[in-house]
Q: 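Let me give you the structure first, and then I'll get to my questions.
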Amino acid sequence: MRIDCPCCGLRDNGEFTYLGDASPARPDGMDASPAAMLDYVYRRDNPAGPHRELWYHGAGCRSWLVVTRDTRTHDIAEVAFARDAARARDAEKAVP
Amino acid sequence: MRYSLLSVLQQAFKGQRDWTPQWRDAAPKASYDVIIVGGGGHGLATAYYLAEQHGIRNVAVLERSHVGSGNIGRNTTIVRSNYLLPGNVPFYEKSMQLWERLEQDINYNAMVSQRGVLNLYHTDGQRDAYARRGNGMRINGIDAELLDQDQVRAMVPFLDFDNARFPIQGGLLQRRGGTVRHDAVAWGYARAASDRGVDIIQNCAVTGIRRENGRVVGVDTTRGYIGAKKVGLAVAGASSQLAAMVDMRLPIESHVLTAFVSEGLKPLIDTVVTFGAGHFYVSQSDKGGLVFGGDIDGYNSYASRGNLATIEDVMEGGMALWPGLGRLRVLRHWGGVMDMSMDGSPIIDKTHIEGLYLNAGWCYGGFKATPASGFCFAHTIANDAPHALNAAFRLDRFATGAVIDEKGVGAQPNLH
């Protein structure tokens with residue numbers, strides 16, 4: 001498997017470290033209920049199919065990436081910088 | 001047919017004509033008292049114990065492919081009970097005890113071989129950790145011996161004891177550990193369960209779980225609807241997908257683990273050895289191939305095949321431990337899909353849905369647990385309450401905080 005890093009190009013997956021599902025968003029500080037934290041920390045959809053996930057290019061540009069990969073075939077559909085995804089999410093939240 | 005020395009001799013003179021199929025390949029009935037989803041080791045063992053211990057014989061085991069096609073036929077066959085934490089210790093020791101009498105219990109040669117499991121240590125700190133683990137085992141009546149370098153050298157002289165980075169200082173040995181012929185475990189439990197009236201239904205994939213008034217009433221399958229008073233899920237690797245049918249999200253990720261077999265060799269290593277400075281374990285099958293493996297690939301996967309980066313990592317671990325391996329050729333390698341749980345420990349529990357039971361989250365240690373898992377899951381289903389041995393393997397432990405994190409790495413499934 002190779003991951004097409006937006007900064008470094010097509011690189012072997014051995015250069016990357018995996019964190020997990022990119023979808024869970026940490027519940028906000030004091031408003032976080034135990035049930036919401038349980039969902040965030042422990043529960044996963046774990047789909048057999050397309051999966052948005054966080055990878056870290058530790059042996060390259062050291063960027064965090066959001067990779068959309070099919071868990072049945074390891075085919076990668078999309079790779080983007082995680083910071084862009086995070087900023088987009090924050091921008092969404094900021095809209096009153 | 002009962003297997004014995006006499007039956008083998010009789011058949012030798014009759015041209016082996018009278019052997020019958022080992023279990024009935026049943027067609028589904030309209031309904032059952034209990035349906036076990038998953039015809040792997042744990043599912044078949046559960047059906048066996050339901051019939052044998054609890055007298056519940058109107059049971060079906062549904063398998064989407066053929067019996068033994070999942071992880072029961074795709075592992076490195078190691079059994080041991082060298083655990084440290086309270087929830088795990090009695091459970092895995094029960095499993096070890098059930099392995100020791102398995103062949104008598106089910107009248108089947110599973111080639112249980114207590115050849116010992118030797119975990120090597122390479123640093124002073126690791127020695128202390130192993131001493132603690134060994135003491136924890138001995139307090140609980142489980143055998144453990146802390147060996148120094150000379151004792152290890154006497155057992156396995158061909159390892160790289162003076163490796164510059166990872167010198168072998170000694171090891172923790174559990175002599176009662178060893179290996180069991182994995183396929184024979186599936187076949188033996190299938191035969192024993194079938195003999196006791198259990199229907200083993202192959203090529204029957206579950207496509208839905210039906211509920212009425214919050215209670216399970218049956219399952220939809222590729223071979224039609226089958227009614228059931230109780231349904232037990234034992235489908236490690238695909239647990240999340242089955243749970244999604246009843247809108248449950250599990251604390252589980254599916255990951256791929258690769259195992260390897262070398263070309264056949266003369267007897268070379270008569271125990272199971274694990275490398276302590278990386279992740280590598282090796283034993284020799286009775287056919288002669290070295291069976292070895294290492295870490296999971298570390299990312300969600302249902303692909304049943306790994307990638308080269310992990311294969312390289314396993315080989316590096318092997319070479320650091322045993323340089324002679326470099327002359328060998330790998331015959332084949334294969335991947336299995338693991339239920340990696342969030343604390344590295346399994347789940348055997350009721351669910352919030354009446355009549356639905358869950359056996360999941362075995363990470364890559366499910367094989368050694370097969371007998372005790374079946375024993376405990378059968379008890380949980382029959383009594384609608386867990387056995388003392390699986391009381392800690394609750395699904396709600398992630399909510400209450402009573403997690404069993406043997407490795408101490410937190411909610412990060414790919415690190416367990």
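Naming: A, B, ... by sequence-line order, numbering from 1 per chain.
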Q: In plain terms, say whether A:R11 and A:D4 are close enough for a salt bridge, that is, a side-chain N and a carboxylate O under 4.0 Å apart.
A: no
Q: Tell me if a side-chain donor or acceptor on B:E63 pairs with a main-chain N or O of B:G39 at a distance below 3.5 Å.
A: yes
Q: Pick from B:S301, B:S239, B:A238, B:A411: which one has the most heavy-atom pairs with chain A under 4.5 Å?
A: B:S301
Q: Chain A: which of B:S254, B:A399, B:S341 shares the most heavy-atom pairs with it under 4.5 Å?
A: B:S254
Q: With a 4.5 angstrom heavy-atom cut-off, could you sort out which part of B:N307 is near chain A: side chain, backbone, both or neither?
A: side chain
Q: For B:E253, is it the side chain, the backbone, both, or neither that has a heavy atom closer than 4.5 Å to a heavy atom of chain A?
A: both
Q: Using side-chain heavy atoms (C-beta onward) and a distance below 4.5 Å, is B:R210 in contact with B:D220?
A: yes
Q: Would you call B:R249 and A:D45 a salt bridge, taking side-chain N to carboxylate O under 4.0 Å as the test?
A: yes
Q: Under a 3.5 Å distance rule, please check whether B:N71 uses its side chain to pair with a backbone N or O of B:G336 as donor and acceptor.
A: no
Q: Should the pair A:D21-A:R52 be classified as a salt bridge under the 4.0 Å nitrogen-to-oxygen rule?
A: no
Q: What part of B:A244 lies closer than 4.5 angstrom to a heavy atom of chain A: side chain, backbone, both or neither?
A: neither
Q: Counting only heavy atoms closer than 4.5 Å, note whether B:V403 contacts chain A via side chain, backbone, both or neither.
A: side chain
Q: Which one wins on heavy-atom pair count under 4.5 Å against chain B: A:R44, A:R72, A:M37?
A: A:R44
Q: Could you pull out the closest heavy-atom pair between B:H42 and B:G366, with the gap in Å?
A: NE2-O, 2.8 Å
Q: Which atoms of B:I252 come close to chain A, meaning under 4.5 Å heavy atom to heavy atom: side chain ones, backbone ones, both, or neither?
A: both
Q: Which one wins on heavy-atom pair count under 4.5 Å against chain B: A:E53, A:H51, A:M1, A:E15?
A: A:M1
